[in-house]
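Some notes on the structure that comes next.
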Amino acid sequence: QKVLEHARKDKVIGKSLEASVELHCSGELYDFVKSVEDELKTAFIVSHVSVFADDQGQVKGEAVEGLSVTVTHAQGEKCSRCWVYSDTVGSNSVHPTLCSRCADVVK
């Protein structure tokens with residue numbers, strides 16, 4: 001959350017759903033974080049999370065040894081239903097303002 005606040009302050013993102021988060025970690029920490037990668041975007045309230053087995057993140061974690069984080073603006077367009085930024089927005093001709101997940105839900 002602290003890194004997201006810095007990204008807001010630096011005008012990289014506005015709201016947290018505009019963020020794409022990269023978590024860089026190693027060893028057992030990587031194994032754990034990678035195992036829950038699919039749930040992290042919901043937990044962090046961001047559009048995308050990627051986990052890498054290295055130490056190449058822009059901001060080193062203060063509370064967690066071996067963690068570094070990079071926040072960038074998420075790729076794609078904003079879904080008008082869930083507000084997540086996704087490259088799949090517009091791929092459904094029946095629901096052009098929705099991401100593929102939301103288009104499947106409203107069928």
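Quick caveat: nothing in here was measured; it's all calculated off a predicted structure.
Qualifying side chain to side chain contact (heavy atoms under 4.5 Å, CB included) partners for T88, counting only residues two or more places apart in sequence or in other chains: S86, S91, C99, S100. Judged as a side chain to side chain contact (heavy atoms under 4.5 Å, CB included), and not counting sequence neighbours, the contacts of E39 are V36.
For Y30 and H24, the gap between ring centers reaches or exceeds 6.0 Å.
Contact check for L23 versus F52: no side-chain heavy atoms found under the 4.5 Å cut-off. Between V84 and K78 the shortest side-chain heavy-atom distance does not fall below 4.5 Å. Proximity of D87 to V89: side-chain heavy atoms (C-beta onward) are nowhere separated by under 4.5 Å. Counting heavy atoms from C-beta on, the side chains of I13 and V46 never come closer than 4.5 Å. Considering only heavy atoms from C-beta on, L67 comes within 4.5 Å of L29 through its side chain.
At a threshold of 4.5 Å between side-chain heavy atoms, the hydrophobic network of Ile, Leu, Val, Met, Phe, Trp and Tyr places V49 and V71 in one connected group. V21 and F32 fall within the same hydrophobic cluster, defined by Ile, Leu, Val, Met, Phe, Trp and Tyr side-chain heavy atoms under 4.5 Å apart, directly or through other members. Note on V64 and V51: same hydrophobic cluster, where clusters join Ile, Leu, Val, Met, Phe, Trp and Tyr whose side-chain heavy atoms are under 4.5 Å apart, directly or indirectly. Linking Ile, Leu, Val, Met, Phe, Trp and Tyr residues whenever their side-chain heavy atoms come within less than 4.5 Å leaves L17 and F44 in two separate clusters.
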message = Walk me through whether I45 and L4 qualify under side-chain contact (heavy atoms from CB on, under 4.5 Å).
response = CA-CA 10 Å; I45 313 172; L4 288 174; over 6 Å; no

message = side-chain contact (heavy atoms from CB on, under 4.5 Å), that's the test. Do L98 and S80 meet it? Break it down for me.
response = CA-CA 6 Å; L98 302 182; S80 63; 3.5 Å; yes

message = Under the criterion side-chain contact (heavy atoms from CB on, under 4.5 Å), I'd like the reasoning laid out for V59 against T70: C-alpha separation, chi angles, the key distance, then a yes or no.
response = CA-CA 6 Å; V59 179; T70 300; over 6 Å; no

message = Using the rule given for side-chain contact (heavy atoms from CB on, under 4.5 Å), can you reason through T97 versus R81, listing the C-alpha separation, both sets of side-chain angles and the distance that settles it, and then say yes or no?
response = CA-CA 8 Å; T97 63; R81 181 174 180 264; over 6 Å; no

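Counting non-hydrogen atoms of neighbouring residues, nucleotides and ligands closer than 6.0 angstrom, the NZ atom of K60 exceeds 12 such neighbours. Within 6.0 Å of CD in E77 there are 12 or fewer heavy atoms belonging to other residues, nucleotides or ligands. In E37, the CD atom is crowded: over 12 heavy atoms of neighbouring residues, nucleotides or ligands sit closer than 6.0 Å. Heavy-atom contacts from other residues, nucleotides or ligands closer than 6.0 Å to NZ of K2 number 12 or fewer.
Note that NZ of K34 and SG of C25 are 9.5 Å apart. Values are rounded to the nearest 0.5 Å. Considering CD of Q1 and CZ of R8, their distance stands at 7.5 Å, rounded to 0.5 Å. In this structure, the separation between NZ on K41 and OG on S16 is 12.5 Å, given to the nearest 0.5 Å. Interatomic distance, CD of Q75 versus OH of Y85, reported as 12.0 Å (0.5 Å rounding).
Of all heavy-atom pairs spanning S68 and D55, the tightest one is OG-C, 3.7 Å.
Side-chain contact of H48 with S50: a donor-acceptor pair under 3.5 Å is present, judged by distance alone.
Formation of a donor-acceptor pair under 3.5 Å by the D10 side chain with backbone atoms of V12 is not found in this model.
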